[in-house]
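Below is one structure; the comments refer to it alone.
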Amino acid sequence: MNRQVLLDSRPQGAATVDHFRIVESPMPEPGPGEVLVRNRWLSIDPYMRGRMSDAKSYAPPAEVGAVMVGQTVGDVVASNDARLAIGETVLTSLGWQEYGVARASELERVDTSIAPPSWSLGILGMPGLTAWFGLFEVGQARPGETVVVSAASGAVGSVVGQLAKLHGCRVVGIAGGERKCRFVVDDLGFDACVDHKAGRLADDLAAACPRGIDVQFENVGGAVLEAALRTMNRHSRIVMCGMIAEYGGTEAYAYRGLRALLVNRIRMQGMIVFDWKERYPEARRGLAALVAAGRLTYRESVVDGLENAPRALLGLLEGANFGKQLVRIAP
Ligand SMILES: NC(=O)c1ccc[n+]([C@@H]2O[C@H](COP(=O)([O-])OP(=O)(O)OC[C@H]3O[C@@H](n4cnc5c(N)ncnc54)[C@H](OP(=O)(O)O)[C@@H]3O)[C@@H](O)[C@H]2O)c1
């Protein structure tokens, strides 16, 4: 039998474990051109909260009653296509389930010689690519500039800050709590990190950025973005990568201080990583080279068991993760 986690209903307000349902279903069988994959790692990402809702977005919602959407890394255990042999490790979009069938042409082989397979869901996968294109293409970060990154210890933020350091920028993180802030400075090598839970965010951020902010890599939104606006320089850039503070399903944040955009000629640009799909190989090569050279530090936050995937997602939305959130489906 195959175990799956379905989206059971759409939340009105905060999401809970009751919006998911775990079911057992017959093992799927691959048809011509298809393979059967045993999922080992499931990526848990903030966008999944958006997919639980049917509000208009950049991607269609997850269907109620269907397997919850998500990327996995797994092993091919049966193959009806010459392109993929049994035992190969692949990146899939099979979602929250132990096994799944996919067309071989839609799967990507994972190069396990560079890093552990799970890294292709994090630093060598979608979050790493987001960091790369967001920082260099949208943020246009230049050496010597000050780059601020929110959710700094997380999957995207940790890569943004390290890339910006390697690029010669002064880098300041924003993270929740002393432990995460210490990691951001001591392990990731940021110049400073501000604790957004300490209650003085705008003042602490201004103190940590004596030459102002040139690039705000925004992963959080809400009060965090509002605080950053007070310290941003003329002709600075805001990379609107994520607004996790607003994913809770409550009312939209009422921003104050947007006049800073006008007086400082700030460019604020939203980004969705898919827009660079054609250029993924270039960024993957760049990230893989840095990983191979030992120049990037990477941390994972692992929850065991498919049945705990809902809890992992709800925890991520509240900062319970410390590093890239994954579910280990099988050892
Ligand atoms: N645009 C794109 O193409 C794209 C692609 C990937 C990800 N993203 C976005 O990038 C952001 C980070 O994603 P990720 O996968 O790297 O997640 P992550 O940073 O690993 O985890 C989320 C972190 O957000 C912080 N957070 C949660 N709620 C918060 C709140 N109310 N106020 C302040 N901080 C809060 C928490 O860190 P602390 O404990 O430090 O507060 C939490 O650990 C998300 O907004 C996501 O939607 C966008």
Side-chain angles (χ1 to χ4, degrees), residues 14-15 42-53 57-59 70-71 121-123 125-135 137-139 148-163 172-185 188 190 193-199 201 205 216-228 238-253 268-277 279-280 283 298-303 312-326:
L42 168 66
S43 179
I44 298 290
D45 298 271
Y47 77 79
M48 290 169 170
R49 176 62 186 85
R51 297 286 202 285
M52 294 174 75
S53 151
S57 189
Y58 59 90
Q71 277 198 313
L121 296 170
I123 192 166
M126 188 276 283
L129 298 169
T130 303
W132 182 281
F133 292 112
L135 180 68
E137 298 293 324
V138 184
V148 170
V149 191
S150 54
S153 72
V156 175
S158 62
V159 183
V160 172
Q162 292 182 88
L163 289 178
V172 176
I174 300 173
E178 214 182 303
R179 216 172 132 235
K180 285 187 178 179
C181 282
R182 213 174 318 117
F183 168 77
V184 165
V185 173
L188 300 180
F190 288 33
C193 187
V194 174
D195 179 0
H196 70 82
K197 292 183 173 165
L201 180 57
L205 193 58
Q216 172 71 16
F217 196 105
E218 192 51 70
N219 285 320
V220 170
V224 171
L225 174 58
E226 204 171 87
I238 301 172
V239 182
M240 280 308 296
C241 174
M243 306 181 81
I244 195 166
E246 294 196 37
Y247 297 172
T250 46
E251 277 182 30
Y253 190 83
M268 181 171 180
Q269 187 181 327
M271 69 161 292
I272 299 294
V273 66
F274 313 147
D275 293 348
W276 285 273
K277 216 173 176 61
R279 291 180 54 195
Y280 282 2
Y298 180 56
R299 179 180 174 120
E300 295 177 333
S301 193
V302 176
V303 162
L313 175 59
L314 302 179
L316 176 79
L317 297 171
E318 294 180 346
N321 64 308
F322 191 172
K324 166 67 202 166
Q325 185 65 61
L326 296 167

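Since this is a predicted model, take the numbers as computed values, not measurements. FYI, side chains are in, hydrogens and waters are out, and symmetry mates aren't considered; it's all heavy atoms of this structure. Remember, it's 1-based here, ligands and their atoms both numbered in the order they're listed. Numbering starts at 1 and runs along the sequence shown.
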Hey, what polar pairs (N/O, under 3.5 Å) does ligand 1 make with protein?
residue  : atom   : partner : partner atom : Å
ligand 1 : 1 (N)  : C241    : O            : 2.9
ligand 1 : 1 (N)  : M271    : O            : 2.8
ligand 1 : 3 (O)  : V273    : N            : 2.8
ligand 1 : 10 (O) : N219    : OD1          : 3.3
ligand 1 : 16 (O) : A155    : N            : 3.2
ligand 1 : 16 (O) : V156    : N            : 2.8
ligand 1 : 20 (O) : A155    : N            : 2.9
ligand 1 : 20 (O) : N321    : ND2          : 3.2
ligand 1 : 21 (O) : N321    : ND2          : 3.1
ligand 1 : 28 (N) : L317    : O            : 3.4
ligand 1 : 39 (O) : K180    : NZ           : 2.6
ligand 1 : 40 (O) : G176    : N            : 2.7
ligand 1 : 41 (O) : H196    : NE2          : 2.6
ligand 1 : 43 (O) : K180    : NZ           : 3.4
ligand 1 : 43 (O) : N321    : OD1          : 2.6
ligand 1 : 43 (O) : N321    : ND2          : 3.4
ligand 1 : 45 (O) : N219    : O            : 2.7
ligand 1 : 45 (O) : Y247    : OH           : 3.4
ligand 1 : 47 (O) : Y247    : OH           : 2.8

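Taking all atoms of both residues into account, the shortest heavy-atom contact from R49 to A15 is NE-CB, 3.7 Å. Looking at every heavy atom in both residues, V159 comes nearest to I123 through CG2-CG1, 3.8 Å.
K324 and S43 are linked by a side-chain donor-acceptor pair at a separation below 3.5 angstrom, with hydrogens and angles left out of the test.
In this structure, R279 forms no cation-pi arrangement with F133, as its terminal cationic atom is not both closer than 6.0 Å to the ring centre and no more than 45° off the ring axis. Under a cutoff of 6.0 Å and an axis angle of 45°, R179 and F322 do not form a cation-pi pair.
Within a 6.0 Å sphere centred on CD of E178, heavy atoms belonging to other residues, nucleotides or ligands number 12 at most.
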